A.B. asks: 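Quick one: the structure is below, questions incoming.
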Amino acid sequence: MRTDTVSVGSNDVDEQGIYTTCNMLQMVARTNDVTIMEAFGISGLSHIRARHYSMDLTGKAILGDNLRITSLYTLTGRRQLQVQVYITRTSKRQTITICTGYFIFINRSETIKNTSYHADTVLA
């Protein structure tokens, strides 16, 4: 499991003070990149392909909110990684889920450095 936090600043919002969808997607992409490299034990992403993904943006964030992105991942074989992503927003002492996502990545490389996995086991 990975958890990262972001504070929404003035450079991150549009003219109405809302955290942009583009910024939210970039946050998910950065987290997925780190998660993939950590799970497969690799240093680059050139052999990684997304097999399937789904994302639901169910809320928004505004200037001053704190966002927490949580990534849970499972290796389901030597070459397949399943990732679940949740983004929550904390504002005025309330925590609300504003985004959920599910990704399946395939490692097409012949060399996989991380061989210490167990099928269907969540790595933390």
Side-chain angles (χ1 to χ4, degrees):
M1 180 171 87
R2 297 189 48 77
T3 301
D4 296 309
T5 57
V6 172
S7 294
V8 178
S10 59
N11 291 335
D12 303 320
V13 296
D14 62 15
E15 54 279 343
Q16 294 153 347
I18 299 172
Y19 191 67
T20 65
T21 302
C22 183
N23 282 339
M24 199 171 312
L25 293 174
Q26 287 175 343
M27 187 168 130
V28 170
R30 282 190 304 270
T31 298
N32 278 342
D33 289 351
V34 174
T35 300
I36 290 166
M37 290 188 288
E38 181 179 294
F40 283 125
I42 57 177
S43 60
L45 300 170
S46 61
H47 295 287
I48 302 300
R49 301 293 179 261
R51 174 179 279 177
H52 175 75
Y53 67 92
S54 174
M55 284 191 62
D56 292 316
L57 301 173
T58 57
K60 62 182 177 181
I62 58 174
L63 181 64
D65 283 350
N66 292 312
L67 303 180
R68 174 174 287 185
I69 183 165
T70 303
S71 175
L72 305 167
Y73 57 95
T74 306
L75 281 168
T76 58
R78 280 185 59 80
R79 299 184 187 280
Q80 184 168 296
L81 177 69
Q82 293 181 0
V83 181
Q84 290 180 315
V85 175
Y86 305 91
I87 300 176
T88 57
R89 154 178 95 91
T90 303
S91 178
K92 299 179 185 173
R93 300 182 192 200
Q94 289 183 330
T95 301
I96 301 165
T97 300
I98 61 171
C99 178
T100 58
Y102 180 82
F103 302 84
I104 298 176
F105 297 103
I106 303 299
N107 187 344
R108 294 183 158 195
S109 173
E110 294 299 318
T111 306
I112 298 176
K113 296 176 184 161
N114 185 356
T115 57
S116 61
Y117 71 90
H118 295 84
D120 300 320
T121 300
V122 174
L123 301 177

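Just so we're clear, the structure is a prediction, and the values are computed from it rather than from any experiment.
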A.B. asks: Please evaluate residues Tyr73 and Glu38 with respect to the criterion side-chain contact (heavy atoms from CB on, under 4.5 Å), reporting the C-alpha separation (whole Å), side-chain torsions for both, the decisive distance (0.1 Å), and the verdict.
C.D. replies: CA-CA 10 Å; Tyr73 57 95; Glu38 181 179 294; 2.4 Å; yes
A.B. asks: Does Val83 form a side-chain contact (heavy atoms from CB on, under 4.5 Å) with Asn32? I'd like the steps, not just the answer.
C.D. replies: CA-CA 8 Å; Val83 181; Asn32 278 342; 3.5 Å; yes
A.B. asks: Minimum heavy-atom separation for Ala39 and Leu75, please, with both atom names.
C.D. replies: O-CD1, 3.7 Å
A.B. asks: Are Met24 and Ile18 connected, step by step, through hydrophobic side chains (Ile, Leu, Val, Met, Phe, Trp, Tyr) whose heavy atoms are closer than 4.5 Å?
C.D. replies: no
A.B. asks: Using the rule that two of Ile, Leu, Val, Met, Phe, Trp, Tyr join whenever any of their side-chain heavy atoms come within less than 4.5 Å, decide whether Ile106 and Ile48 are in one cluster.
C.D. replies: no
A.B. asks: With a 4.5 Å cut-off on side-chain heavy-atom distances among I, L, V, M, F, W and Y, is there a chain of contacts connecting Met27 to Leu25?
C.D. replies: yes
A.B. asks: Rounded at 0.5 Å granularity, tell me how far OG in Ser71 sits from CG in Asp4.
C.D. replies: 8.5 Å
A.B. asks: Measuring from atom CG of Leu81 to atom OG1 of Thr74, what distance do you get when rounded to the nearest 0.5 angstrom?
C.D. replies: 7.5 Å
A.B. asks: Say you draw a straight line from CD1 of Ile98 to CG of Leu57; how long is it, rounded to the nearest 0.5 Å?
C.D. replies: 8.0 Å
A.B. asks: Could you check whether any side-chain N or O of Asp14 sits under 3.5 Å from a backbone N or O of Gln16, counting only pairs where one atom can act as donor and the other as acceptor?
C.D. replies: yes
A.B. asks: Under 3.5 Å, is there a donor-acceptor pair linking the side chains of Thr20 and Asn23?
C.D. replies: yes
A.B. asks: Which value, rounded to the nearest 0.5 Å, describes the distance between His47 atom NE2 and Ile36 atom CD1?
C.D. replies: 13.5 Å
A.B. asks: Is the shortest heavy-atom distance from the side chain of Thr97 to the side chain of Ile87 under 4.5 Å?
C.D. replies: no
A.B. asks: Same hydrophobic cluster for Tyr53 and Val28, using side-chain heavy-atom links shorter than 4.5 Å among ILVMFWY?
C.D. replies: yes
A.B. asks: How long is the straight-line distance from CG of Leu72 back to CE of Met1, given to the nearest 0.5 Å?
C.D. replies: 6.5 Å
A.B. asks: Would a 4.5 Å heavy-atom cut-off, applied to side chains only, mark Ile69 and Val85 as touching?
C.D. replies: yes
A.B. asks: With a 6.0 Å cut-off (strictly less than), is the heavy-atom count around CZ of Arg2, excluding the residue itself, greater than 12?
C.D. replies: yes
A.B. asks: Starting from the C-alpha separation in whole Å, work towards a yes-or-no answer on side-chain contact (heavy atoms from CB on, under 4.5 Å) for Arg68 and Thr70.
C.D. replies: CA-CA 6 Å; Arg68 174 174 287 185; Thr70 303; 4.0 Å; yes
A.B. asks: Rounded to the nearest 0.5 Å, what's the gap from OH on Tyr19 to CZ on Arg89? Could you check?
C.D. replies: 13.5 Å
A.B. asks: Would you say Tyr102 and Met55 make side-chain contact, with heavy atoms under 4.5 Å?
C.D. replies: no
A.B. asks: So, does Arg49 use its side chain to make a donor-acceptor pair with the main chain of Ser46 at under 3.5 Å?
C.D. replies: yes
A.B. asks: Heavy atoms only: give me the nearest Phe40-Arg79 pair and the separation to one decimal.
C.D. replies: CZ-O, 3.6 Å
A.B. asks: What do the steps show when you test Ser10 against Leu63 for side-chain contact (heavy atoms from CB on, under 4.5 Å), and what is the final call?
C.D. replies: CA-CA 6 Å; Ser10 59; Leu63 181 64; 4.3 Å; yes
A.B. asks: Do you know which two heavy atoms are closest between Ser7 and Asn66, and how far apart they sit?
C.D. replies: OG-OD1, 2.8 Å
A.B. asks: Are Ile104 and Val34 linked, directly or through intermediate hydrophobic residues, by side-chain heavy-atom contacts shorter than 4.5 Å (ILVMFWY only)?
C.D. replies: no
A.B. asks: Would a 4.5 Å heavy-atom cut-off, applied to side chains only, mark Ile42 and Asn107 as touching?
C.D. replies: yes
A.B. asks: Any heavy-atom pair between the side chains of Leu67 and Val8 that's under 4.5 Å?
C.D. replies: yes
A.B. asks: Please report the C-alpha distance between Arg51 and Gln80 in whole Å, then the side-chain angles of each, then the deciding distance to 0.1 Å, and finally whether the side-chain hydrogen bond (donor to acceptor under 3.5 Å, both in side chains) criterion is met.
C.D. replies: CA-CA 9 Å; Arg51 174 179 279 177; Gln80 184 168 296; 2.9 Å; yes
